[in-house]
Peer 1: 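Have a look at this one.
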Amino acid sequence: MAYATILTESRGPVGLITLNRPQALNALNAELLGELCTALEAYDADEAIGCIVVTGSAKAFAAGADIKEMAPQSYMDMFKADFFAQPHDRIVAIKKPIIAAVAGYALGGGCEIAMLCDFILAADTAKFGQPEINLGVIPGIGGSQRLTRFVGKSKAMEMCLTGRMMDAAEAERAGLVSRIVPAADLVDEAIKVATAIAEKSQPIVAMAKQAVNRAYEGTLAEGVLFERRLFHSTFATEDQKEGMAAFVEKRKPVFKQK
Ligand code: CO8
């Protein structure tokens with residue numbers, strides 16, 4: 001199948017998905033998220049594939065949800081569409097293991113998509129962050145919940161309140177990524193690991209994935225729903241309009257605190 005915003009390629013038993021909107025640093029618009037989910041589901045259904053790798057470019061895994069697409073949305077638009085519920089739920093439903101191979105920026109929704117994968121291999125150039133606060137919104141696809149489970153409350157709170165980025169070394173120390181590899185080797189290393197997983201028993205791999213997720217996901221569903229409703233609510237504020245308008249106009253936001 002031909003996609004407009006991603007590239008797909010089978011490497012032996014591994015399905016490789018490359019996010020490919022270079023002009024927007026792989027910002028996650030509706031088309032890209034839809035194609036990503038469709039490609040994941042196609043590999044999930046393909047008996048020849050045992051593991052999936054999702055990667056981006058050298059500069060950006062993904063620089064977040066597409067701010068230009070979101071900027072004009074109202075609270076009602078977000079609420080009625082249950083914005084971001086679909087990609088979240090479709091990715092969570094994938095049964096085969098998914099490895100995120102992250103180089104460059106993984107910000108906002110980009111960091112959240114990486115955390116929705118089963119584990120993250122980071123290039124030494126990777127930078128992770130939840131900078132939504134700078135736009136007058138909060139994470140909307142599980143970031144405040146999953147980041148806290150990965151790195152603990154203190155660091156997650158600091159990241160979500162300040163919007164600062166973590167480099168690869170800090171992300172590895174904090175437990176966000178499984179390990180760091182040189183940027184030039186990232187995709188090859190991810191394919192190597194994915195091939196090793198694909199060569200194991202697929203039903204047992206699926207069970208191991210379920211078991212680890214069981215430990216990790218406790219009351220996550222409630223947390224994600226709670227977060228999504230709050231995220232929708234940010235679109236009722238003047239500061240969301242200001243934060244996103246300022247980004248589009250390439251100026252500093254002047255928040256009105258309302
Ligand atoms: N949305 C739309 N366009 C973007 C985005 C984005 N998130 N990020 C970058 N771009 C565009 C820029 O506007 C620019 O386009 P143009 O050339 O037309 O002006 C192009 O990509 C290149 O970007 P920059 O010129 O800014 O590149 P720099 O190297 O100077 O800076 C940065 C790179 C630091 C990554 C910078 O682009 C940046 O800060 N981007 C925004 C990061 C951000 O705030 N992300 C969070 C978005 S909000 C969010 O994700 C909410 C999550 C809700 C759920 C998500 C579900 C998927």
Side-chain angles (χ1 to χ4, degrees), residues 1 3 5-8 14-21 26-46 49-56 60-66 69-70 78 81-102 106-122 128 130 132 139-150 176-178 190 193-194 197-198 202 205-206 208-228 231:
M1 178 166 172
Y3 296 105
T5 61
I6 61 170
L7 305 169
T8 59
V14 177
L16 174 63
I17 301 174
T18 305
L19 309 182
N20 188 36
R21 283 188 78 208
N26 293 333
L28 305 160
N29 63 3
E31 185 179 28
L32 187 150
L33 285 169
E35 290 190 344
L36 172 62
C37 291
T38 301
L40 286 169
E41 286 160 359
Y43 281 136
D44 207 25
D46 183 344
I49 296 295
C51 191
I52 305 165
V53 173
V54 178
T55 195
F61 178 75
D66 191 312
E69 190 180 73
M70 283 188 298
M78 303 303 275
D82 209 2
F83 214 68
F84 298 135
Q86 257 221 6
H88 177 273
D89 295 351
R90 286 174 74 185
I91 296 172
V92 164
I94 300 296
K95 291 183 285 305
K96 287 177 186 161
I98 311 171
I99 302 173
V102 174
L107 301 178
C111 187
E112 292 172 298
I113 294 291
M115 290 191 290
L116 272 167
C117 296
D118 293 303
F119 62 93
I120 302 173
L121 274 186
F128 299 88
Q130 297 292 158
E132 289 89 344
I141 187 164
S144 64
Q145 307 302 299
R146 285 200 172 80
L147 188 64
T148 306
R149 282 166 165 78
F150 274 108
L176 178 60
V177 309
S178 66
V193 178
I197 294 170
Q202 292 314 299
V205 164
K209 170 169 167 162
Q210 280 179 17
V212 175
N213 280 338
R214 185 78 186 186
Y216 160 79
E217 280 184 355
T219 58
L220 187 64
E222 276 309 308
V224 168
L225 178 62
F226 182 70
E227 177 201 76
R228 194 185 308 134
F231 172 71

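Nothing here was measured: the structure is a model prediction, and the numbers come from that model.
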Peer 1: Is the count of non-hydrogen atoms from other residues, nucleotides or ligands lying under 6.0 Å from E41 atom CD greater than 12?
Peer 2: yes

Peer 1: Measuring from T18:OG1 to N26:CG, what's the distance to the nearest 0.5 Å?
Peer 2: 9.0 Å

Peer 1: Tell me, do L116 and I141 make a side-chain contact under 4.5 Å, heavy atoms counted?
Peer 2: yes

Peer 1: Taking all non-hydrogen atoms of both residues into account, name the closest pair between A93 and D44 and its distance.
Peer 2: O-OD2, 4.2 Å

Peer 1: Of the non-hydrogen atoms in E227 and G140, which two are nearest, and what is the gap between them?
Peer 2: OE1-C, 3.3 Å

Peer 1: To the nearest 0.5 Å, tell me how far C37 SG sits from D89 CG.
Peer 2: 9.5 Å

Peer 1: State, yes or no, whether a side-chain contact exists between I197 and I99 at a heavy-atom distance under 4.5 Å.
Peer 2: yes

Peer 1: Considering only heavy atoms from C-beta outward, does the side chain of I98 approach that of F119 to under 4.5 Å?
Peer 2: no

Peer 1: Would you check if V177 and F128 make a side-chain contact, meaning some heavy-atom pair closer than 4.5 Å?
Peer 2: yes

Peer 1: Could you please spell out the steps behind the side-chain hydrogen bond (donor to acceptor under 3.5 Å, both in side chains) verdict for T5 and E31?
Peer 2: CA-CA 7 Å; T5 61; E31 185 179 28; 5.2 Å; no

Peer 1: For the atom pair CD1 (I113) and NE2 (H88), what is the distance rounded to the nearest 0.5 Å?
Peer 2: 9.0 Å

Peer 1: Just so I know, are the side chains of L36 and I91 near enough to count as touching, which here means a heavy-atom distance under 4.5 Å?
Peer 2: yes

Peer 1: Does Y43 reach the side chain of I94, with side-chain heavy atoms less than 4.5 Å apart?
Peer 2: no

Peer 1: Among N213, I52, V212, find the one that has a side-chain contact (heavy atoms from CB on, under 4.5 Å) with D118.
Peer 2: N213

Peer 1: Minimum heavy-atom separation for P97 to G50, with atom names?
Peer 2: CD-O, 3.6 Å

Peer 1: Shortest non-hydrogen contact from L19 to F61?
Peer 2: CD1-O, 3.4 Å

Peer 1: Work out which heavy atom in G109 is nearest to a heavy atom in E132; give both atom names and the distance.
Peer 2: N-OE2, 3.9 Å

Peer 1: At what distance, to the nearest 0.5 angstrom, does CD of E69 lie from CG of L28?
Peer 2: 9.5 Å

Peer 1: Is there a side-chain contact between R21 and D66, using heavy atoms and a 4.5 Å cut-off?
Peer 2: yes

Peer 1: From T8 OG1 over to L40 CG, what is the distance, rounded to the nearest 0.5 angstrom?
Peer 2: 10.5 Å

Peer 1: Sub-3.5 Å donor-acceptor pair from the side chain of S178 to the main-chain atoms of I120, do we have one?
Peer 2: yes

Peer 1: With heavy-atom distances below 4.5 Å as the criterion, would you say the side chains of K96 and C51 are in contact?
Peer 2: no

Peer 1: S144 vs Q130, test: side-chain contact (heavy atoms from CB on, under 4.5 Å). Steps then yes/no.
Peer 2: CA-CA 8 Å; S144 64; Q130 297 292 158; over 6 Å; no

Peer 1: So, taking the atom named CZ in R228 and the one named CE in M78, what distance separates them when rounded to the nearest 0.5 Å?
Peer 2: 11.0 Å

Peer 1: Between G143 and E112, what is the shortest heavy-atom contact and its length?
Peer 2: N-OE2, 2.7 Å

